[in-house]
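Computed from a predicted model, the values in this text were never measured in an experiment. Both backbone and side-chain heavy atoms feed into the values below; hydrogens, waters and symmetry mates do not. Just so we're on the same page: letters track the sequence lines, and every chain starts at 1.
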Amino acid sequence: MDNSATRNDPLPSDAVTYDPSAIEEKWQRIWQERGTNHTDLQRAQRPFYALMMFPYPSAEGLHVGNLFAFTGNDIYGRFQRLMGHNVFEPLGYDAFGIHSENYALKVGVHPMDLIPRNIANFRRQLERSGLMVDWRYTLSTTEPEYYKWTQWLFLQLLKQGLAYKKQAAVNWCPKDKTVLANEQVIGGACERCGTPVEQRLLEQWFFRISNYAPRLLENLDHIDWSETTKTAQRNWIGRSEGAELAFETHDVKGNECEIRVFTTRPDTIYGATYMVLAPEHPLVESLTKPKQKKQVERYRESTEKQDIVTRKTSTDKTGVFTGSYAINPATEKEIPIWISDYVLMEYGTGAIMGVPGHDERDFEFATKFELPIVRVVCGEREDANTPLHKAFTECESGTLVNSGVFDGFQVEAAKKAIVELLAKGGSAKPVVHYRLHDWCISRQRYWGPPIPIIYCESCGTVPVPEKDLPVLLPFIEDFKPDDSGVSPLARHEEWYRVECPKCGKPGRRETDVSDNFLDNSWYFLRYPSVGHDDVPFEKNVTKKWLPVNSYIGGNEHAVLHLLYSRFITMALHDAGHLAFEEPFTRFRAHGHIIREGAKMSKTQGNIVNPDEYIERWGADAFRTYLMFLGPYEQGGDFRDASISGTRRFLDRLFASVQSMAGDGEADHAVMRKLHQTIRKVGDDIARLSYNTAVAAMMEYMNVLRKGERTPHRDEVLPLIPLVSPFAPHIAEELWEQTGGTGSVFDSAWPSFDPRLALEDSIELVVQVNGKVRGKITVARDISEQEAMVVALADPTVSRFTTGDPRKVIFVPGRLLNIVV
RNA sequence: GCUCGGGUGGCGAAAUCGGUAGACGCGAGGGACUUAAAAUCCCUUGGGACAAAAUCCCAUGCGGGUUCGAUCCCCGCCCCGAGCACCA
């Protein structure tokens, strides 16, 4: 990087007014001509990868929310560049997926035609907003040069045993005869026709992310991410410590067998009065007595038909008795075995012990089916006979009752003791469960990368050899999902009929495409290697630029995208492809913009199209406004009327530069404020507190304007680099006007003198009994005794301090509190 | 239901470690310039008591608590937003 930018020429004398559209056009042209935004990836000395989440290129064009997000990242990147880093700020498009496909279906344009159009429009809007993006390294997930490697990724996971196939349920609309994504199911019905949705079992591909649950959880303690994001991931991974308990029973033929359950409350085992299996539990068949067979079968059928969404949201308890009983290992009593859909096969062991006294769901179930409810834990003001009107689920204050030898134990101690005792008989062991389940990556859709698998009659499932990648997504007219229950690609024999790469016999391609989240789980690895078509990510460039230094994006991706990216990075690390296992060293979630108190939506007609605003106010004023409207990490309220404020600020900055005096004697107060401002703006940008950084610059501008005399060069010029991350075009223009050479972004962030930034005298607050009664101007390092003398001389203070003070609190440099 | 945010003037907001509540901006009111308007510039602007200044009282969703001192910490509520949702 050229860090030798200097000033040499005197000021131009002819005054002009600030014309954003001319200046912005001029500098965008110059940046392009000079390659100002280009980063030399090979030769960079101090690489800094400033990444933002890439957009889905919608037909509506760039949303003000996108621009808010990108501008925040751009400011951070430009600031790092001014701090001497070689900043790489790439941007691309996440253009595969159901979102694009549905839109294409709606407007009747093929996605292969639609997406390039949308991308062109996005690119135009993005360039207009003045982002420091190096467009030589852009990408779209829909390009074969990109998804070739998405498919490669699948093959690597397959090799590692992390990809496998199993039956799984999908939402199925019986009228439209199509597979639906979860977001297309509204209240249990098809979004389009309103028909109740059913479950259908299909063979689908999964990634074994659950293997990584402990690591994904533990690493969170060591990465610099927004706390809210980490918490969301922790909850999603959902670690539960508990025990697996075995309950003895007999199947219908009289053979002994056991039912294993997972519980986090082994202490409540004396209160287990029944058991419940998930309807699809493998033991159900052998445990169902002939008398109950009919109703059990009927129940299983009804839950199978139920759509996934309804099953997960209805709270009404249903279930049937199997006719069999198991032995509670603690009480040694017989308890009935039921089946119910409130027990999920995918979690734990697919079976539970029902403890109605101390679990809300069990309480509901037991009440409905009139099963016994026994209290085994008491609160502080209860005893064993206190009736239970609802489940008592408190742990901390609980004491065991009706629990044999464990009566009187505290809950936590009882958990341990009971598991230890049962473990001796082989019917218990401590276990940790995670709620994170494996990632289903199959989509019975068209608009995604085909999964690179070929099924052969004799060889079975055969991965497409890496040399044959990419498996191109063919252009087909009828990309609409239909009643086949599989991808539209399955209608194209000419595409899926292929020879087996192993034996040459007739084979059939996998016709499902992969999940959109797989596309975007690794794009950050690709950016620096764009152009290296022989590898997914080139070794040296990856070593230099990754992991990502700073990643900024919306918290709506706190879980899926960010977790999948971490998983993929770990898997690639374990396979020896990457030297690091966490992709993003630092992540910050930005907030969201609402407009005048309401969420922006098309139906409300309050969507902000950035084009109009940039037209009217200029990109610089618009960017600065977006950063000023609220705390970046919380978002804020977009109000049309307020943009004039940031524009006025830029007008004044421009005018100050035009009218500033040459050299002059430094004004101490102004210089002090300048150095304070330099410090504050830098600190604020570093912690993404952009709104207060802008406020600090405005404040300094006010100091300059309110002064007795015309501000001179040394007082005005440092504002140019300070404002440049927010308003890059005007900064370049003023830099040039004032004799700067090259780009202001190749100059250095101004340094501040900490001694100069200190006030000589301070205003010390004087309180009496904690109430402010006066303010005294004193030396910065005044002692408590001296301060007392000055304070008591103030009549307002002494009015309230009759008699001797009982206590004096002195915070040096801050306040003096006299307690009487 | 659970988890995470948030609630401060007319409005967007600030207060970085428990230490001057309301920085900065918008809007509003008044004034200067102007034939006039826009733009620009200057002044005022949380509420109340006082003619005014000085000064005092009240005020950070509600009710308590801790503290010399609470927008900030603790307990109990209310409201708004986001995410998750029968996870044993």
Side-chain angles (χ1 to χ4, degrees), chain A residues 17 226-232 234-236 238 240 242 261-265 268 276 309 311-317 340-344 346-355 358-362 364-365 433-437 554-556 558-559 589 591-592 594 596-597 599 625 628-631 633-646 648-649 651-652 655 680 683-684 687 689 691-699 701-702 705-706 763-775 795-796 799 805-809 811 813-820:
Chain A
T17 50
S226 302
E227 265 324 303
T228 54
T229 313
K230 291 209 250 187
T231 309
R234 285 192 186 105
N235 291 341
W236 188 263
S240 306
V261 303
F262 174 70
T263 179
T264 53
R265 295 292 305 275
T268 62
V276 188
V309 177
R311 176 165 178 185
K312 285 193 172 168
T313 49
S314 72
T315 49
D316 224 21
K317 296 285 177 287
S340 169
D341 65 356
Y342 87 91
V343 174
L344 309 174
E346 336 49 287
Y347 189 76
T349 59
I352 61 151
M353 60 178 195
V355 185
H358 305 282
D359 181 281
E360 277 165 33
R361 295 149 304 174
D362 296 348
E364 245 178 78
F365 189 81
H433 264 293
Y434 296 89
R435 48 169 291 187
L436 180 66
H437 44 258
N555 226 6
E556 66 274 20
V559 179
H592 288 278
I594 54 172
E596 285 164 15
K599 206 172 167 179
Y625 173 63
F628 183 60
L629 59 71
E633 290 178 85
Q634 272 166 44
D637 197 1
F638 187 97
R639 315 195 126 246
D640 292 29
S642 302
I643 306 175
S644 57
T646 49
R648 233 190 301 265
F649 167 65
D651 281 336
R652 287 168 179 172
K680 179 157 175 62
D683 287 353
D684 283 357
R687 62 190 179 95
S689 183
N691 55 335
T692 54
V694 174
M697 289 188 282
M698 287 173 164
E699 228 177 295
M701 176 57 69
N702 289 341
R705 280 165 7 98
K706 301 280 158 69
E763 200 176 58
L764 191 78
V765 172
V766 181
Q767 297 182 333
V768 179
N769 292 339
K771 283 201 165 167
V772 180
R773 297 298 178 189
K775 292 160 195 181
T796 323
R799 212 147 45 94
R806 279 198 294 139
K807 195 173 172 185
V808 175
I809 284 121
V811 184
R814 269 247 143 86
L815 91 161
L816 180 74
N817 187 9
I818 304 167
V819 187
V820 292

Quick one: label [X] by what it contacts on the DNA or RNA (base, sugar-phosphate, nothing), any heavy atom closer than 4.0 Å.
{"X": "A:R773", "value": "sugar-phosphate"}
{"X": "A:D651", "value": "nothing"}
{"X": "A:N702", "value": "sugar-phosphate"}
{"X": "A:L629", "value": "sugar-phosphate"}
{"X": "A:A232", "value": "nothing"}
{"X": "A:S240", "value": "sugar-phosphate"}
{"X": "A:E556", "value": "nothing"}
{"X": "A:Q767", "value": "base"}
{"X": "A:V819", "value": "sugar-phosphate"}
{"X": "A:K706", "value": "sugar-phosphate"}
{"X": "A:T796", "value": "sugar-phosphate"}

Quantified in whole Å, what is the [atom1] atom distance between nucleotide [N] and nucleotide [M]?
{"N": "B:rG18", "M": "B:rG29", "atom1": "P", "value": "41 Å"}
{"N": "B:rC62", "M": "B:rC80", "atom1": "C1'", "value": "15 Å"}
{"N": "B:rG46", "M": "B:rA21", "atom1": "P", "value": "14 Å"}

Rounded to whole Å, how long is the line connecting atom [atom1] of [X] with atom [atom2] of [N]?
{"X": "A:D359", "N": "B:rC2", "atom1": "CG", "atom2": "P", "value": "14 Å"}
{"X": "A:N817", "N": "B:rG19", "atom1": "CG", "atom2": "P", "value": "13 Å"}
{"X": "A:I809", "N": "B:rG19", "atom1": "CD1", "atom2": "C1'", "value": "10 Å"}
{"X": "A:N235", "N": "B:rC2", "atom1": "CG", "atom2": "C1'", "value": "9 Å"}
{"X": "A:R799", "N": "B:rC56", "atom1": "CZ", "atom2": "P", "value": "5 Å"}

Taking the side chain of [X] as heavy atoms from C-beta outward, which of [options] is closest to it?
{"X": "A:K680", "options": "B:rC24, B:rU16, B:rA88", "answer": "B:rU16"}
{"X": "A:A695", "options": "B:rA88, B:rC24, B:rG19", "answer": "B:rC24"}
{"X": "A:Q634", "options": "B:rG6, B:rC4, B:rC84", "answer": "B:rG6"}

Is there a Watson-Crick or G-U wobble partner for [N] with both distances under 3.5 Å, and if so, which one is it?
{"N": "B:rG76", "result": "B:rC62"}
{"N": "B:rA28", "result": "B:rU44"}
{"N": "B:rA54", "result": "none"}
{"N": "B:rU34", "result": "none"}

* Under 4.0 Å: is that the gap between some side-chain N or O of A:R687 and OP1 or OP2 of B:rU16? -> no

* Asked: Does NZ or CZ of A:K317 fall inside the cone over A:F365's six-membered ring, less than 6.0 Å from its centre and within 45° of the axis?
  -> no

